[in-house]
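Basis for what follows: all heavy atoms, side chains included, without hydrogens, waters or symmetry-related copies. Counting starts at 1 for both ligands and their atoms, following the listed order. Residues take their numbers from the sequence shown, with the count starting at 1.
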Amino acid sequence: MSDFVREDRDRNERVIHGLAAASGVGLGRAYLREPDRLHVPRYRIAAQHVEDEQRRLAAAIARARRRVARIRARAASRAKLIPEMGAEELGYLFDAYVHILKDSRLVRGAMARIGTERINAEDAVRIEVGLITDAFKRMDDAYLSARIEDIREIGNRLIAFLLKKEDVKPITALPKGCVLVAEELRPADTAQLDPDIVVGLAAQIGSPQGHTAIMARALGLPAVLGAGSALAEIETGDLIAIDGDRGEIIVHPSQDSLRAIRRRIDQLRAERKQLRRLAKRPAVTLDGIEISLRANVELPFEMDSVANAGAEGVGLLRTEFLFLNRATVPTEDEQAAALIDVVERARGRQVTIRTLDLGGDKSSSDLITRFGESAASALGLRGIRLSIACPEMLEIQFRAILRAFAHGPVQILLPMVTSVQDIRTARDLLARAARTLHRRNEHIPHPLPPLGTMIEVPGAALSADALAQVSDFFAIGSNDLTMYTLAIDRSDEHVAHLYNPLHPAVLRLIQFASAAAVRARIPISICGEVAGDPRFTALLVGLGFRELSMTASSIPAVKRRILGIDRSSAVRRANLIMSETDPSRIEALLDDVHEAA
Ligand code: PEP
Ligand code: MG
């Protein structure tokens, strides 16, 4: 038996419940994602730089404290819901972390050592952690030896913040066929996974609407998120199954369960094969209305599945994923190469390239160092706001997009727009980028690509009339529109049960924006997750949408749904749904229309 495989005999099956985040079933050996070993640089600093170095350490401490407070708040509210989690123990643990970060020998010692030995902050933290843990080990006390891990954990966190290494931890060398288990998987982590190696994901925190879940769905990886601290009992090598439809993690499945799991894996495979046969058929309703089904794409390699799914181009390219998992911002040439690759692989079908939507759960430590927590906040510098705050970055991206435009049809989409001014500023920068390319004698087709607006903030939906005057098209981002309308953080597992794109407020905003687009005679599509859920298809067609964009793997199931819909009855049912104010009645009407067709 290899190191990776743990003995399964005589172990009882256990089911851990979490949130169903990405459909499918995966069976494999657990692989726990442990924090990376950090290489700690050691160098001497000049006397005049001592204060700067101490300030650098103080900033890292402040960030680590904020991070611990955030994890603590999440764990505490979860512990209230699940008593076995041991709220008290968790409280002590976090108290210890906060104390260590506030005023401890570790912090005082490292600060002093920077001054007395004139060494860099990372090395000062490393030395102090070593001295403290050695002293604790000598004391032969169970409580203190348990604290050794806390001190090491805090020391590593501080060093990672100092090195700005948080976002560039590659998930490498995973054993083939493993299920990745982690405390938290960020969207950037998930983007690194190879679906030929990993068969499923489970994480303590996270929710189905966050970008980690979206990325897992794009990769076709079954995922259960928000499963809480029960996951901490899983060890690397344990046999586990991830049921991404039921939100279950089955640890040491019994022989009966194994048989049932394998049967479902075979069934799902057969169903997928059958759906693939629809790839070449157009998506047309029973009464002849053609619906354009496009793909949401995060990384260029997904273009293979886009072609296989029979997508009519790319309705949303989330370019921020090209920027995550890197220590530096990609150059214009690097960005252009990646975009040209996507455009060429779309083979003449249109690619909708969204400008950077960094910020919120898709931030990086580099941005946080520049802009503070605002760059990690859903209400802060996210999307177009961040791009406008860094106009040189947006202009470089526009130049890369325009270079890709020379290789095939492209349109440009702006995320998180709230005002007409956002679009005007972006249009000016686009024109400037075009002038620079002309000066360089680069060929770009005329006219410039259409510039569209994501409607994903309630304020944008309510001022859609004004935005339509300066936009060439609209794309509804129902994920964020739901989050901001209902004040529900889409990556927070504690409020995931309240997240509901069928809430009348959200539906009315969608209808309001789409009516504005019709009046202004500009095209409108929808690219939030509802577009890829066959349950919503009849409602969206009934509301007048003729273009839906979704994860490529969802296209066949949505197409099958469209083939069975009659547009006029979908319109009648949509009108009925829009006159309803009770979300549960809306759900019932939606399922009715689903069954009726
Ligand atoms: C949305 O908000 O619905 C959307 C499509 O954008 P993202 O999920 O990337 O925020
Ligand atoms: Mg969005």
Side-chain angles (χ1 to χ4, degrees), residues 21-22 186-188 190-191 206-219 225 293-299 302 314-324 351-363 375-387 411-418 422 452-461 464 473-492 496 499-503 506-507 509-510 513-514 524-533 536 540 545 547-552 554 558:
R186 289 163 310 149
T190 316
S207 124
Q209 286 78 34
H211 288 97
T212 296
I214 288 177
M215 197 64 219
R217 293 197 281 270
L219 295 170
L225 301 179
L293 301 183
R294 297 184 170 204
N296 290 356
V297 170
E298 289 69 34
L299 292 167
E302 288 175 58
V314 174
L316 171 64
L317 178 67
R318 292 180 162 106
T319 56
E320 55 276 8
F321 282 92
L322 300 173
F323 284 64
L324 297 168
V351 177
T352 307
I353 303 178
R354 184 173 73 181
T355 62
L356 278 177
D357 186 20
L358 286 172
D361 64 346
K362 292 176 290 190
S363 197
S377 157
L379 299 178
L381 272 178
R382 188 191 153 184
I384 193 68
R385 301 168 180 184
L386 184 70
S387 296
Q411 55 181 5
I412 304 174
L413 183 56
L414 304 172
M416 294 295 293
V417 166
T418 49
D422 290 338
T453 297
M454 293 270 316
I455 302 291
E456 53 184 346
V457 176
F473 65 98
F474 276 171
I476 304 262
S478 55
N479 305 338
D480 281 314
L481 191 59
T482 307
M483 156 157 113
Y484 292 113
T485 304
L486 304 181
I488 290 164
D489 182 344
R490 52 192 271 206
S491 49
D492 182 346
Y499 184 95
N500 181 13
L502 284 176
H503 190 290
V506 180
L507 293 181
L509 287 171
I510 291 177
S514 88
I524 181 161
S525 65
I526 182 156
C527 58
E529 293 300 289
V530 294
D533 184 342
F536 290 83
L540 297 176
F545 285 94
E547 188 187 321
L548 314 176
S549 190
M550 64 203 79
T551 301
S554 301
V558 171

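- A salt bridge between R318 and D357 is absent, with no side-chain N of the basic residue lying under 4.0 Å from a carboxylate O of the acidic one.
- With respect to the salt-bridge test (charged N to carboxylate O, under 4.0 angstrom), the residues D361 and R186 do not qualify.
- Of the possible polar contacts, one joining the T352 side chain to the V314 backbone as a donor-acceptor pair under 3.5 Å is found.
- With sequence neighbours left out, the side-chain contact (heavy atoms from CB on, under 4.5 Å) criterion links S525 to A475, E547.
- When each of V506, L540, L509, I524 is tested with I476 by the rule side chain to side chain contact (heavy atoms under 4.5 Å, CB included), just one qualifies, namely I524.
- The distance cut-off of 2.8 Å around the Mg ion (ligand 2) captures these protein N, O or S atoms, sorted by chain and number: E456 OE1, D480 OD2.
- No donor-acceptor pair under 3.5 Å is formed between the side chain of R382 and the backbone N or O of G360.
- Remark: side-chain polar atoms of T319 are paired, donor with acceptor, to backbone N or O of R354 under 3.5 angstrom.
- When the salt bridge (Lys or Arg N to Asp or Glu O under 4.0 Å) test is applied to R217, the partners found at least two apart in sequence or on another chain are E529.
- Near ligand 1, heavy-atom contacts under 4.0 Å come from H211, I214, L316, R318, R354, D357, K362, R382, M454, E456, G477, S478, N479, D480, R490, C527, G528.
- Atom CD1 of I384 sits about 9.5 Å away from atom OG1 of T418, to the nearest 0.5 Å.
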